[in-house]
Amino acid sequence: MKSWAILSILYAALVVVIAVVKPPQIWRMKKIELFKKFLGDTGTEIFFYIWALIFLVLGVWLFTR
């Protein structure tokens with residue numbers, strides 16, 4: 001379970017980096033474009049932060065199990 005916890009926390013960190021840096025290769029993906037169409041730029045960033053928070057909580061929970 002510890003390895004899943006570490007992977008979950010690393011994934012959360014990666015999602016935050018993507019939300020902050022906004023690399024053009026990723027930010028122009030069709031799925032992200034759909035998010036931006038429905039949520040706007042700010043809404044998409046907030047979605048990324050919430051998604052990262054969920055995986056961070058999951059990682060911490062897996063560490064304490």
Side-chain angles (χ1 to χ4, degrees):
M1 284 297 173
K2 302 288 186 204
S3 59
W4 287 110
I6 292 169
L7 286 174
S8 177
I9 292 170
L10 288 175
Y11 179 72
L14 178 66
V15 170
V16 168
V17 167
I18 289 172
V20 170
V21 175
K22 295 182 184 177
Q25 307 92 321
I26 296 174
W27 216 245
R28 280 187 257 141
M29 289 174 59
K30 193 65 175 170
K31 188 185 293 187
I32 306 296
E33 289 289 329
L34 285 173
F35 283 141
K36 290 191 317 188
K37 179 180 176 183
F38 289 111
L39 302 174
D41 271 344
T42 306
T44 303
E45 284 184 47
I46 292 170
F47 174 78
F48 272 60
Y49 293 135
I50 291 171
W51 190 251
L53 180 64
I54 289 168
F55 273 88
L56 180 65
V57 169
L58 175 67
V60 170
W61 178 74
L62 287 173
F63 260 130
T64 60
R65 247 178 113 212

Colleague: Using the rule that two of Ile, Leu, Val, Met, Phe, Trp, Tyr join whenever any of their side-chain heavy atoms come within less than 4.5 Å, decide whether Val16 and Ile50 are in one cluster.
Modeller: no
Colleague: Could you check Thr44 against Phe48 for side chain to side chain contact (heavy atoms under 4.5 Å, CB included), going step by step and ending with a plain yes or no?
Modeller: CA-CA 6 Å; Thr44 303; Phe48 272 60; 3.8 Å; yes
Colleague: Is there a path from Phe63 to Leu7 through hydrophobic residues (I, L, V, M, F, W, Y) whose side chains come within less than 4.5 Å of each other?
Modeller: no
Colleague: Do Trp27 and Ile18 pass the side chain to side chain contact (heavy atoms under 4.5 Å, CB included) test, and can you show the C-alpha distance, the side-chain angles, and the key distance before you say yes or no?
Modeller: CA-CA 8 Å; Trp27 216 245; Ile18 289 172; 4.3 Å; yes
Colleague: Would a hydrophobic clustering, with Ile, Leu, Val, Met, Phe, Trp and Tyr connected at side-chain separations under 4.5 Å, put Leu14 with Phe55?
Modeller: yes
Colleague: Answer with yes or no whether the hydrophobic clustering places Ile6 together with Val60; edges join I, L, V, M, F, W, Y residues whose side-chain heavy atoms lie under 4.5 Å apart.
Modeller: no
Colleague: Where is the tightest heavy-atom contact between Gly59 and Ile9, given as atom of each residue plus distance?
Modeller: CA-CG1, 3.9 Å
Colleague: Which heavy atom of Ala52 sits nearest a heavy atom of Ala12, and at what distance?
Modeller: O-CB, 3.3 Å
Colleague: What is the distance from atom CG of Leu39 to atom CG of Leu34, rounded to the nearest 0.5 Å?
Modeller: 10.0 Å
Colleague: What class does the angle between the rings of Phe35 and Phe47 fall in, given that below 30° is parallel, 30 to 60° is tilted and above 60° is perpendicular?
Modeller: tilted
Colleague: Around atom NZ of Lys2, are there more than 12 heavy atoms from other residues, nucleotides or ligands closer than 6.0 Å?
Modeller: yes
Colleague: Where do Leu62 and Ala5 come nearest, in terms of heavy atoms and distance?
Modeller: CB-CB, 3.7 Å
Colleague: Assess whether salt bridge (Lys or Arg N to Asp or Glu O under 4.0 Å) is satisfied between Lys36 and Glu33, documenting all intermediate values.
Modeller: CA-CA 5 Å; Lys36 290 191 317 188; Glu33 289 289 329; 3.5 Å; yes
Colleague: To the nearest 0.5 Å, how far apart are OH in Tyr11 and CD1 in Ile54?
Modeller: 10.5 Å
Colleague: Find out if a path of hydrophobic residues (ILVMFWY) with successive side-chain heavy-atom gaps under 4.5 Å connects Val21 to Leu53.
Modeller: no
